[in-house]
Amino acid sequence: MNKKITLIGAGQIGGTLAHLIATKKIGDVVLFDVAEGIAKGKALDIAQSSPIENFDINITGTSKYSDTKDSDVIIITAGVPRKPGMTRDDLLEINLKIIKQVANGIKDTSPNAFVICITNPLDVIVMALQKYSGLPKNKVVGMAGILDSSRFIYFLSQELKISVSKIKSLVLGGHGDTMVAMVNHTFINGTPIKELIKAGKISEKRIIEIINRTKTGGAEIVKYLEKGSAFYAPASSGIEMAESYLKDQKKELPCAAYINGEYDVKDIYAGVPVIIGKNGVEKIIELKLNKDEKENFSKSINAVKELFNAAKKIDPSL
Ligand code: A3D
């Protein structure tokens, strides 16, 4: 039997997720949206590409949570995206209300699902989702680090004129202006990037510019699109997490996971490298951070904590 993947939110990211799941033949798809017509219309459109793309999965649209019953994976993009000039944090109040509805909709219908949240502001929304739903912390996780890391790696590949496949790196912390690109954990063809700086292949100044472009990578796209935010790369990132869970790949991926003691941080969701396998988040990998990285990571965690306190003011039940 095919795995059942529910996508809550059939907007730009939701639609792209559905298309990727179908063409990659990962499982059956239920596209859920309060705007039922969008969910049904996109599902039908994608289904009609099945003879061409050669997939036999079942894909349906709905606005009823009962249709999402016993999902194996749920990916949540329900919410409002940014408009030009907005920060992710500006979305807090409206998306908090939406995520409460979603949590109530999924908690009893799919108690065993692996739940991936993409709705912004990411770290606080995923933390609220876990609290509202009461689902196990290792089964509720946020997508951001894969996207931020992918942007960083892409920009480096363009600068160094080298394939993205030859670059290893990651971005940790909260999904906002305080995210931390791990320069000391960046390898080009297996060589630490610091060695390339020493050899004069890239300057420290240029790396800082690339880090800053990564931090504002989402806003750069929001500005171009004028309406809505990035959706292709965010969808690909969500799929990588879902596949690692469904196929028990045990990939090490930077995700917004529940941290309780690791990295000297307690009781908060933020971006750290984790192993995702059939049990959800199976392990948090603790990288050795240098003094600067520690300081920046702790700043980022504080920014997430501050925003979570703002969320608690909006909804004291959190
Ligand atoms: P969009 O195309 O507007 O789709 C959102 C969908 O959610 C719409 O179709 C709405 O009808 C639907 N929706 C609204 N309220 C509900 C509800 N209560 N229940 C079910 N569905 C509802 O947005 P998008 O797909 O471009 O983006 C979705 C979210 O992802 C936004 O919050 C973005 O900010 C966020 N996002 C996060 C990242 C990360 O890296 C974390 C990247 C890009 C976008």
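Just follow the structure's listing: the first ligand is 1, and inside any ligand the first atom is 1.
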Minimum-distance pair of heavy atoms, taken over all atoms of V126 and A256: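 Scanning both residues completely, I find the closest heavy atoms to be CG1-CB, 4.3 Å.
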One line per pair, note the atom names and distance for all nitrogen or oxygen contacts under 3.5 Å between ligand 1 and the protein.
unit_1: ligand 1; atom_1: 2 (O); unit_2: Q12; atom_2: N; d: 2.8
unit_1: ligand 1; atom_1: 7 (O); unit_2: G79; atom_2: N; d: 3.3
unit_1: ligand 1; atom_1: 9 (O); unit_2: D33; atom_2: OD2; d: 2.7
unit_1: ligand 1; atom_1: 11 (O); unit_2: D33; atom_2: OD1; d: 2.6
unit_1: ligand 1; atom_1: 18 (N); unit_2: Q101; atom_2: OE1; d: 2.8
unit_1: ligand 1; atom_1: 25 (O); unit_2: Q12; atom_2: N; d: 3.3
unit_1: ligand 1; atom_1: 25 (O); unit_2: I13; atom_2: N; d: 2.9
unit_1: ligand 1; atom_1: 32 (O); unit_2: V80; atom_2: O; d: 3.0
unit_1: ligand 1; atom_1: 32 (O); unit_2: N95; atom_2: ND2; d: 3.4
unit_1: ligand 1; atom_1: 32 (O); unit_2: N120; atom_2: N; d: 3.3
unit_1: ligand 1; atom_1: 34 (O); unit_2: N120; atom_2: ND2; d: 3.1
unit_1: ligand 1; atom_1: 36 (N); unit_2: N120; atom_2: ND2; d: 3.3
unit_1: ligand 1; atom_1: 40 (O); unit_2: H175; atom_2: NE2; d: 3.1

Run E220 and K223 through salt bridge (charged side-chain N to carboxylate O under 4.0 Å, His left out) and show every step you take. CA-CA 5 Å; E220 186 178 356; K223 205 167 156 209; over 6 Å; no
Please indicate whether K251 has more than 12 foreign heavy atoms, meaning atoms of other residues, nucleotides or ligands, lying under 6.0 Å from its NZ.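 Yes, NZ of K251 has more than 12 neighbouring heavy atoms, counting only those of other groups under 6.0 Å.
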Who pairs with E53 by salt bridge (charged side-chain N to carboxylate O under 4.0 Å, His left out), at least two apart in sequence or on another chain?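 Result, salt bridge (charged side-chain N to carboxylate O under 4.0 Å, His left out) vs E53: none returned.
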Hey, what's the ring geometry for F114 with Y245, parallel, tilted or perpendicular (30° and 60° as the breaks)?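 Aromatic pair F114/Y245 classed parallel.
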With side chains defined as the heavy atoms from C-beta onward, is the minimum distance between I26 and V73 less than 4.5 Å?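 Heavy-atom side-chain distance check fails, nothing below 4.5 Å.
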